Amino acid sequence: MIAIPAHVREVLERLWEAGFEAYPVGGCVRDVLLGKTPQDWDICTAARPEQTRAVFADRRVIETGMKHGTVTVITDGRPVEITTFRVEADYGDRRHPDSVAFVQSLREDLARRDFTVNAMAFDADGGVIDPFGGQEDLARGVIRCVGEPEERFREDALRILRGLRFAARLDFRIEERTAEALRDNRALLNDISRERFFSELKGLLCGTGAGEVLRAFPEVIFTVIPELAAEYGFEQNSPHHIHDIWTHTTMAVDAIAPEPALRLTMLLHDVGKPEKYFTDENDVGHFYGHAEAGAVKADAILRRLRCDNDTREAVTLRIRYHDIEPPQTKKGVRRLVVKLGEPTVRDLIACWKADSADRAAPVRKRNLAFIGVTEGLLDELMAQESCFSLRDLAVDGSDMLELGMEPGPALGDTLRELFRMVTEEGVPNEKETLLRYVKKP
Ligand code: ATP
Ligand code: MG
């Protein structure tokens, strides 16, 4: 017996009382069966959108999805999406269903869903309605298309990335025929809207099984980001590395916290390497300048993928600095904090660690010791000091004006000099003290 939350149950009961079939469906069923708490509960129903709206006439309702059969009802402050049983009537450009056709039965609605684990519903008694073997695939950890894989990916190419996303997130493997069809149809990804696939890509990267999916389906990823293709099989000929660039990249992705900006940073961090490769007189490979080149490439890639500006800027900044020596003195760490801010330096430390994860043991040990020193110094610094930007200085422009200074460049120079004295000469960041320095002729 499944525990359906009260606010969802209430929506279901209203629809039932009005004489309509209605079921929780899709991701919530999958998550409950996996023992996870669903993010949201979607309901499908025989009621047409206008009928659903009439049933909830006294409620706040969002109607933006009506054309595709979806009415969103707000209960208890939480949105519940209610969608009429439907099939896609025409896939036209493969971007989005041009039009939907409403259908009579739950079964038809389940049949249009992408994967067996996403094509289940709960009935009124909490039983599972599962016409395509979703429970068995859940138990065995398998992502499998509902119906003919080839056809399903041709209908909607976004399913190719969705399949990889679910495999990464659930740590499932992709069933053989589904995997084959997904590879064969990867070129269709170029037809779908970038916004849609960027969100799937982030979801994929943040999954626990991301690295494995990237290693198993490189050609699909390279269809979306062709700039990465040159990394594949690229041997580094360096005592610092034991893997080719692509394999190293996939391992670095797994080695950092599952936050989109960090995972994207590791995915793209070495994209500048192939073009910067050269061997010295001892046949050892080097990649001088690859971080800067990579930051420039990553910027172009993320713009093309319609990444939001904050994430894009965060990623390119981290890539730009991913290959610097972790500073080994407090002065060096302070400089970095002044330049980049503490959160960025913390992220860089995480990137340096992730970048070392697959190195040969002695190299990794030495790198981690180095990074550990930087981290220790950063902790100390943050505990002892509080001034890392002009804004943190105990005096500001208005204090200077009160002392009788004229507004203008000299005022700014004075503040910057005070800041330098505090951060580099150990002058205490206290108003009285700093004002005394200004007063001196
Ligand atoms: P999440 O927990 O990530 O939201 P979800 O399974 O709820 O996972 P959604 O993208 O919210 O995924 O989609 C809800 C349901 O709609 C899916 O479970 C699936 O049944 C169906 N679905 C979504 N997108 C597609 C698609 N492109 N093709 C076929 N069915 C789809
Ligand atoms: Mg969902």
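Whatever order the structure lists them in is the order used to number ligands and atoms, beginning at 1. Predicted model, so just to flag it, every value in this text is computed and none were measured.
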Work out whether the distance between some heavy atom of [X] and some atom of ligand 1 is less than 4.0 Å.
X: R30; answer: yes
X: R152; answer: no
X: D156; answer: yes

Task: Side chain, backbone, both or neither: R165 near ligand 1, heavy atoms under 4.0 Å - done: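 The answer is the side chain.
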Open item on the list: Please check whether D40 reaches ligand 1 - meaning an N/O of the residue sits under 3.5 Å from an N/O of the ligand, judged on distance alone.
Closed with: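 Between D40 and ligand 1, no N or O pair is found under 3.5 Å apart.
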- [ ] Inspect the surroundings of CD in E176 and state if more than 12 heavy atoms from other residues, nucleotides or ligands are less than 6.0 Å away.
- [x]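 Incorrect, the count does not exceed 12.
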- [ ] Scan for ring-ring contact (aromatic ring centres under 6.0 Å, His included) pairs involving residues 302-347, sequence neighbours excluded, and state none if there are none.
- [x] H269-H322, H290-H322
- [ ] Out of R113, K36, R169, indicate the one that has the non-hydrogen atom closest to atom 15 (C) of ligand 1.
- [x]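 Minimum heavy-atom distance to atom 15 (C) of ligand 1 goes to R113.
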Open item on the list: Looking at non-hydrogen atoms alone, which of T83, L161, N118 comes nearest to atom 20 (O) of ligand 1?
Closed with: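 Comparing heavy atoms across T83, L161, N118, the nearest one to atom 20 (O) of ligand 1 lies in N118.
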Open item on the list: Measuring centre to centre across the rings, with the benzene-like ring taken for any Trp, is F132 within less than 6.0 Å of F115?
Closed with: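 They do not qualify: ring centres at least 6.0 Å apart.
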- [ ] Kindly assign one of parallel, tilted or perpendicular to the pair F287 and H241, based on the angle between their ring planes and the thresholds 30° and 60°.
- [x] perpendicular
Task: Where at least one partner belongs to residues 302-319, residue pairs that pass side-chain hydrogen bond (donor to acceptor under 3.5 Å, both in side chains), sequence neighbours excluded - done: E227-R304, D299-R303, D299-R312, D308-T311, N309-R312, R318-T344, R318-D347
